[in-house]
Amino acid sequence: MHIAETVSATRDAIAAWKRAGETVALVPTMGNLHNGHLSLVREARRQADRVAVSVFVNPTQFGPGEDYDAYPRTLDQDSALLREEKADLLFIPSVDEMYPLGGNKTWVSVDDLGDHLCGANRPGHFRGVTTVVSKLFNIVQPDIAVFGEKDFQQLAVIRRMTAELMMPIRIVGAPTDREEDGLARSSRNGFLTAAERPRAALLHQHLQQARNAIAAGERDYRALEARLARALGEQGFQVDYFTVADAHTLAPAGPQHQDLVVAAAARLGQPRLIDNVTISLLNT
Ligand code: PAF
């Protein structure tokens, strides 16, 4: 596996593959890799000849007081895992390499889609994500890029950005990888205490309850949201949002919407956990 710290070294490696007619898939990550990330790498491997993985904890997607400094950085372990997965390239730029002119002045942002759900609680977060992902796309120029469906809103925002900016990149969403009790795998799960860890699975269970209620005919989504958010609160979660949204616009859904996502973000102790389930009412 080739390890590149600079934009130019990354471009040189990719250019050689492209000259040989090989396709390239990119898996952008912030490191602290777990099985969820490795499932994205495996998906990338299935879809392209070469797999590039970036590990970069992007400062512009963290707000003041968020966990940028505390975000786990485990590069030796990450590169060992990626070698086992036979990734071809690991790109590990510094902040200066990604933001060479200091304070960033050029932003890519997606209106509306980025304002709901996590966007409402983390102002500027998606602008940071789309800006850094655009940079990564410009550096690697992949044919395919793979993102996890756990970050449903991130995937929607990136799909929209790629389509509207006419980037010739196919965005692939990969299913959420879960622990046995249903907890979505996340780098932030490591911050759960032993006492919190079993309770964390309740987030997914409540999302499933919402999906079951909707499948059974519940259409008062605001009442459903309030009931399940309150139930999570009683279990010690601080709920940022628990929302039944239209899966296309991410705005709160009404009975007229057919494709739904039930998405939630909640803090349990230190970490903020996010998860979602989708439901299609077509043909029901
Ligand atoms: O999902 C993540 O890990 C990050 O938001 C991403 C896509 C790597 C951008 O920094």
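Whatever order the structure lists ligands and atoms in, that order sets their numbers, starting from 1.
Checked for salt-bridge contact, Arg178 and Asp275 meet the test: a charged N lies under 4.0 Å from a carboxylate O. Between Arg42 and Glu85, at least one side-chain N (NZ, or NE/NH1/NH2) sits under 4.0 Å from a carboxylate O, which counts as a salt bridge.
Not a single salt bridge (charged side-chain N to carboxylate O under 4.0 Å, His left out) links Glu84 to another residue, sequence neighbours left out. For Arg188, the side-chain contact (heavy atoms from CB on, under 4.5 Å) test picks out Phe62, Asp67, Tyr71, Arg122, Ser186, Phe191, Pro271, with sequence neighbours left out.
Heavy-atom contacts of Thr29 reach the following atoms of ligand 1: 8 (C) (cutoff under 4.0 Å). Of all the atoms in ligand 1, the ones that sit under 4.0 Å from a non-hydrogen atom of Pro28 are 8 (C). Close approach of ligand 1 to Val132 (heavy-atom distance below 4.0 Å) involves ligand atoms 9 (C), 10 (O).
With respect to atom 3 (O) of ligand 1, the closest heavy atom belonging to the protein is Met30 CG, 3.5 Å. Distance from atom 7 (C) of ligand 1 to its nearest protein heavy atom, with residue and atom name: Gln154 NE2, 3.5 Å.
Taking distance alone, with nitrogen or oxygen atoms compared against 3.5 Å, Gln61 approaches ligand 1 more closely than that limit.
Because its NZ or CZ atom is not both nearer than 6.0 Å to the ring centre of Phe56 and within 45° of the ring axis, Lys135 does not count as a cation-pi partner of that residue.
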